[in-house]
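A quick write-up on the structure given underneath.
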Amino acid sequence: MIPPIAGRFVAGETPAVAFDHVRAANDDGVKVILNLLGEHYDDAADAAADVDAYVDLLRDIGATTLDARVSVKPSQLGIDIGDDVFRENFRRVVEAGDEHGVFVWCDMEDADTTDATLDAFETLAREFDGGVGQCVQANLRRTRADLDRLADVPGKIRLVKGAYDEPEEIAYTDKADVNEAYREDLEFLFKMRDGGIAVGSHDPKLISFARELHAEYGADFEVQMLMGVREDEQRRLAADGEEVWQYAPYGDKWASYFYRRVRERKENALFAVRAVVGV
Ligand code: FAD
């Protein structure tokens, strides 16, 4: 069972409990992107098991009226085993999404996997007429060129700052440089696309900037934030008319995800300590 302290960031261990979370969030006007926890598989059977779980999840979401989507990780779909394994598994998930009318997102992981991930996304987004979305990372120096390449690809693009430590040669490592790259990439997206732009950030300055860009260029956008981070703001933005999607992981592999959230921000660590000592 997930301890309450980790339950702030993880929607539950089973799809049924995760669906309860989706229902409650939807009641507050917040839509939910579900991610089955699991990554860096080196055994094809583990990747196949998660693909099966996603296929069932997509069928179950499709049978409801819930505002829910899914997001998969390349290394969960076997990219560390082989690009072909990943491509085939990603295709199976997108096919199931297409069959059940549920949109499928793909996360972006470390820079060694960027090319294979974008290639698979582009193929599937064209084949399934935009029923799939891809995350890109503003901290990578290559991202501006990648966005150029993706300019006429259907589907959605989620822009994030980037959660992986990458070397200086390929990535901006200074926070201010990442923020600047994010703004430039976001403006480029608004200039190039009619819509399908997701601002994957908790940063109030970037969300305001997206609103300004929307006013200037007209393209629609959505805001995406993580479960457990600035949830009051998620509800406030939704009440204010923004389309807000909350990324909510679920599953029994919750421990490493929870510790990552606690490590990355002192407020989260403080929350964890308070939960343990009861203050
Ligand atoms: P930060 O620089 O962390 O924070 C900026 C500002 O936001 C802060 O100054 C503060 O004002 C506010 N803020 C942030 N956190 C809090 C908090 N806990 N409480 C109060 N205020 C806060 N990364 C990847 O590499 N690949 C992915 O596929 C990926 N998918 C993601 C999907 C979603 C929906 C989201 C939200 C993030 C994803 N990320 C992904 C993570 C991302 O790259 C960043 O590491 C993470 O979002 C932190 O950056 P930030 O933009 O939120 O801003």
Side-chain angles (χ1 to χ4, degrees), residues 8-11 25 30-40 68-77 79 90 103-114 117-118 120-121 132-140 142-143 146 156-166 170-183 185-186 197-210 221-238 242-250 257-258 260-272 274:
R8 166 175 163 178
F9 300 101
V10 179
V30 174
K31 304 168 185 203
V32 180
I33 300 169
L34 288 173
N35 164 256
L36 171 61
L37 288 161
E39 57 192 328
H40 294 299
R69 295 177 170 166
V70 306
S71 198
V72 297
K73 283 200 183 312
S75 73
Q76 168 174 49
L77 301 187
I79 208 166
F90 192 9
F103 191 88
V104 173
W105 281 100
C106 184
D107 291 358
M108 186 62 86
E109 295 175 290
D110 51 88
D112 291 347
T113 61
T114 309
T117 304
L118 292 181
F121 163 67
V132 53
Q134 179 59 55
C135 179
V136 296
Q137 299 151 322
N139 67 325
L140 294 189
R142 61 174 288 168
T143 290
D146 290 336
K156 297 178 192 282
I157 303 287
R158 173 204 303 153
L159 183 62
V160 300
K161 290 187 184 177
Y164 296 81
D165 287 331
E166 303 289 359
I170 61 162
Y172 305 106
T173 51
D174 185 76
K175 225 171 159 33
D177 293 339
V178 176
N179 287 340
E180 186 53 33
Y182 193 108
R183 295 173 83 90
D185 291 343
L186 193 60
I197 301 167
V199 179
S201 177
H202 312 98
D203 194 330
K205 291 199 186 107
L206 294 179
I207 294 164
S208 300
F209 186 50
F221 72 100
E222 63 192 61
V223 176
Q224 296 188 359
M225 295 193 195
L226 302 178
M227 180 180 173
V229 181
R230 304 198 74 207
E231 288 202 4
D232 286 350
E233 182 63 3
Q234 296 176 26
R235 289 187 281 271
R236 196 194 66 75
L237 285 168
E242 299 296 355
E243 181 174 344
V244 180
W245 288 86
Q246 181 189 88
Y247 182 109
Y250 77 97
Y257 180 83
F258 167 64
R260 211 181 309 154
R261 294 281 83 79
V262 167
R263 272 200 314 270
E264 80 189 0
R265 242 187 123 72
K266 68 176 184 307
E267 289 90 337
N268 294 344
L270 209 58
F271 162 81
R274 283 197 182 122

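Numbering starts at 1 and runs along the sequence shown. For ligands, and for the atoms within them, numbers begin at 1 and follow the listed sequence.
- Listed by number with element, the atoms of ligand 1 under 4.0 angstrom from any heavy atom of G162 are 25 (O), 42 (C), 43 (O), 45 (O).
- Residue nearest to atom 6 (C) of ligand 1, selected from D110, T117, D203, V160: D203 (by heavy-atom distance).
- Taking only non-hydrogen atoms, the option from E222, K205, K161, Q224 nearest to atom 36 (C) of ligand 1 is Q224.
- Annotation for Q76 and G38: closest pair CB-O, 3.3 Å, computed over non-hydrogen atoms.
- For ligand 1, the atoms sitting less than 4.0 Å from at least one non-hydrogen atom of M225 are 36 (C), numbered in the order shown with element in parentheses.
- By heavy-atom distance, the residue among E166, H202, E109 lying nearest atom 12 (C) of ligand 1 is H202.
- Contact of the I207 side chain with the E233 side chain is not registered, since no non-hydrogen atoms from C-beta on lie closer than 4.5 Å.
- Taking every heavy atom of D107 and a limit of under 4.0 angstrom, the matching atoms of ligand 1 come to 28 (O).
- Under 4.0 angstrom from ligand 1, the non-hydrogen atoms of A163 come from both its backbone and its side chain.
- Every atom of ligand 1 with a heavy atom of C135 under 4.0 Å away is listed here by number and element: 26 (N), 27 (C), 28 (O), 29 (C).
- Not a single heavy atom of E233 sits under 4.0 Å from any atom of ligand 1.
- If you take CG on D185 and CG on L159, they are separated by 5.5 Å, rounding to the nearest 0.5 Å.
- Residue V229 has at least one heavy-atom neighbour below 4.0 Å for each of these atoms of ligand 1: 15 (N), 16 (C), 17 (C), 18 (N).
- Close approach of ligand 1 to S201 is summarised as follows: ligand atoms under 4.0 Å from at least one heavy atom of the residue are 50 (P), 51 (O), 52 (O).
- Nearest heavy-atom pair across A248 and V32 is CB-CG1, 3.7 Å.
- For ligand 1, the atoms sitting less than 4.0 Å from at least one non-hydrogen atom of Q137 are 24 (C), 25 (O), 26 (N), numbered in the order shown with element in parentheses.
- In this structure, the separation between CD1 on I197 and NZ on K156 is 10.0 Å, given to the nearest 0.5 Å.
- Considering only heavy atoms from C-beta on, E109 comes within 4.5 Å of E39 through its side chain.
- Remark: the D203 side chain and the Y182 side chain contain no N/O donor-acceptor pair separated by less than 3.5 Å.
- Backbone and side-chain nitrogen or oxygen atoms of R158 are examined, and one is located within less than 3.5 angstrom of a nitrogen or oxygen of ligand 1.
- Against a heavy-atom cut-off of under 4.0 Å, K175 is close to the following atoms of ligand 1: 2 (O).
- Counting heavy atoms from C-beta on, the side chains of Y172 and E180 never come closer than 4.5 Å.
- Rounding to the nearest 0.5 Å places CD of Q246 at 13.5 Å from CZ of R230.
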